[in-house]
There are 2 protein chains.
Amino acid sequence: MSAGEGSQTEQRLLDAAVGLFASQGFTATSVRQVCDRAEANIAAVNYHFGSKMGLYNAAIDHARTRAVDQNRFVQLDSNRDFWSDEPPQTRLRMFVSMLLDHSLDASGRPSDLARIFIHEMLDPTEAFDRQVDVSISRVFDALCDICRLVAADAGQGNMPVASIARIAFLISAQCMYPALTAGVVRVLHPAIEFDVSGREAIADAISSSAVAALTRGSDEAPDC
Amino acid sequence: MSAGEGSQTEQRLLDAAVGLFASQGFTATSVRQVCDRAEANIAAVNYHFGSKMGLYNAAIDHARTRAVDQNRFVQLDSNRDFWSDEPPQTRLRMFVSMLLDHSLDASGRPSDLARIFIHEMLDPTEAFDRQVDVSISRVFDALCDICRLVAADAGQGNMPVASIARIAFLISAQCMYPALTAGVVRVLHPAIEFDVSGREAIADAISSSAVAALTRGSDEAPDC
DNA sequence: TTGACATTCAAACGATTGATTGAAATGATC
DNA sequence: GATCATTTCAATCAATCGTTTGAATGTCAA
């Protein structure tokens, strides 16, 4: 066997599994499908990963590792330190960009990891609780923190927690929705682009409208 | 047999199928699951609907019919006439409310029809093309039309098509995202509510920020 | 070359899949 | 009550599911 990490078939199985689980979900994906795409024997799954669920968990970790390597994933700890000097609005803008990079891969297509998450939210498996902890929950809390800072920075420090949470929720909605619809939008309305430049325009629109909502009073219109 | 529409077991099968297809998707749902929940014999599916795919299509139509009966579904033709006298901003606000009502049912839970759509976007079946035509495409075009009217009404008639489309896309993102995440949000962050009153606050936030984006220039900040 | 270990392979396991069968049950009409 | 079409039912079909087995193959040290 190889000295490094995992055999070649193990890597091929993981790559194939990530793609199939992303589009079809856990139950609708068969181990034979994965093995066919990976050009591996059927018994390889249970040999390397113990079971189909073992492969599923390993595939999720594999997708997350790939995303981190490509700097596409929200790394809370390092970023929190890295950003702490920036003004709140800048941090919000960068956080939005990171969320967008999490839902779309480098070529503007829906990312595998985000699509697996969507399947889990529709029909959770036993792997979901771990995902919520390490990703969804902490990311959303961090987004709420930044939104609170933006509001406080604009003299809206007494904005209700529910309003902050609602705005943060709508921000994440705009950032994660492309992971679900980019494929359809690409065909249906090509004017909307998800490449790097198009993504910047989207990030600008999201963060600027969020700043406007956090800056003005709870329900007041911005009377100038 | 009965005079009206469909037998009793046919209705029970449809109700059970809608719920199961909504959470698990087409492939991951078995006809035995549906029949167990509907308390019907296994052969009932093929007798009443010809095949599993026939049941799937009938279930989608059933869900749409139920949604229309509850006034939760976007009825473009009738609404277009009904609204034609309202000012653009009012029409946008009402359209946002309709989209929200489409993604959430009366009790604030993700709607079955929207969840089926999400499955179709992740992993399309042969039923998807029809769905795109009758729902997604026409709804999005109508939303773009309203956005264009709002922009023109504010003297931004020359706003690029891509900008209009991007804003409309972000509006639909904020309206449809609850269909995917309401279940998780309910547990993770109860401060965000999806009942009728909470939905009004969300609709206000979405439409007001959209109006702001459509009213101000392409990338200009609203210098007062 | 030998032995020990890691990996791959064809074959098969019982269970479940969507679909089909023919008989039994049901209900309406005469 | 007899006749007919409609609906339900248990049983079963071939195919596929996740998993397991034991033999064959590859790899490296002794």
Side-chain angles (χ1 to χ4, degrees), chain A residues 1-60 62 116 119-120 123-128, chain B residues 1-60 62 116 119-120 123-128:
Chain A
M1 60 150 290
S2 70
E5 41 178 38
S7 63
Q8 288 190 13
T9 54
E10 200 172 321
Q11 291 294 315
R12 286 203 314 274
L13 282 173
L14 286 175
D15 287 332
V18 166
L20 287 171
F21 284 139
S23 58
Q24 303 176 348
F26 176 75
T27 309
T29 299
S30 70
V31 297
R32 282 176 174 82
Q33 261 184 305
V34 178
C35 291
D36 283 348
R37 177 177 289 195
E39 300 185 42
N41 189 270
I42 319 164
V45 165
N46 287 307
Y47 176 77
H48 287 284
F49 304 100
S51 67
K52 181 185 178 184
M53 182 56 73
L55 171 64
Y56 185 61
N57 284 306
I60 294 178
H62 182 63
I116 292 179
H119 277 289
E120 287 289 335
D123 187 30
T125 69
E126 59 188 64
F128 188 50
Chain B
M1 66 147 302
S2 68
E5 42 178 35
S7 62
Q8 288 191 13
T9 56
E10 201 172 321
Q11 291 295 315
R12 287 204 313 273
L13 282 173
L14 286 175
D15 286 332
V18 165
L20 288 170
F21 284 139
S23 59
Q24 303 176 349
F26 176 76
T27 309
T29 299
S30 69
V31 297
R32 281 175 174 81
Q33 262 185 303
V34 177
C35 291
D36 282 350
R37 176 176 291 195
E39 301 185 43
N41 188 271
I42 319 163
V45 165
N46 288 307
Y47 175 78
H48 287 284
F49 304 99
S51 66
K52 181 186 177 183
M53 182 56 73
L55 170 65
Y56 185 60
N57 284 305
I60 293 178
H62 182 63
I116 291 178
H119 277 289
E120 287 290 334
D123 187 30
T125 71
E126 59 189 64
F128 189 49

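Fair warning: this is a prediction, and the values are worked out from it, not measured in the lab. Naming convention: chains lettered A, B, ... in sequence-line order (proteins, then strands); numbering from 1 in each chain. Computed over heavy atoms, backbone and side chain alike; hydrogens, waters and symmetry mates excluded.
Here A/Tyr56 pairs with A/Phe21, A/Phe26 under the ring-ring contact (aromatic ring centres under 6.0 Å, His included) rule; sequence neighbours left out. Listed by chain and residue number, nothing satisfies the side chain to side chain donor-acceptor pair (under 3.5 Å) test with B/Asp123 (two or more places apart in sequence, or in another chain).
Interface residues of residues 36-60 of chain A facing DNA chain D, ordered by number: A/Ile42, A/Ala43, A/Asn46, A/Ser51, A/Lys52; criterion, heavy-atom separation under 4.0 Å.
Residue B/Arg12 is the one, among B/Arg32 and B/Arg12, whose nearest nucleotide of DNA chain D lies closer to the 5' end (criterion: closest heavy atom).
With rounding to the nearest 0.5 angstrom, the CZ atom of B/Phe49 is 5.5 Å from the CG atom of B/Leu13.
Between D/dT16 and A/Ser30, no contact under 4.0 Å exists linking OP1 or OP2 to a side-chain N or O. For the pair A/Thr9 and C/dT7, the criterion of a side-chain N or O lying under 4.0 Å from OP1 or OP2 is not met.
Within the structure, every pair that satisfies the side chain to side chain donor-acceptor pair (under 3.5 Å) test and touches residues 22-31 of chain B, not counting sequence neighbours, is listed here: B/Gln24-B/Thr29, B/Gln24-B/Gln33. Within the structure, no pair that satisfies the salt bridge (Lys or Arg N to Asp or Glu O under 4.0 Å) test touches residues 18-31 of chain B, not counting sequence neighbours. For residues 17-41 of chain B, there are no salt bridge (Lys or Arg N to Asp or Glu O under 4.0 Å) pairs, not counting sequence neighbours.
Here D/dG18 is the nucleotide among C/dT17, D/dT8, D/dG18 with the atom lying nearest to any side-chain atom of A/Val31.
The separation between B/Gln8 atom CD and C/dG27 atom C1' is 13 Å, rounded to whole Å. In this structure, the CG atom of A/Leu13 is 14 Å from the C1' atom of C/dC9, given to the nearest Å.
B/Thr27 comes within 4.0 angstrom of nothing in the nucleic acid, heavy atoms only.
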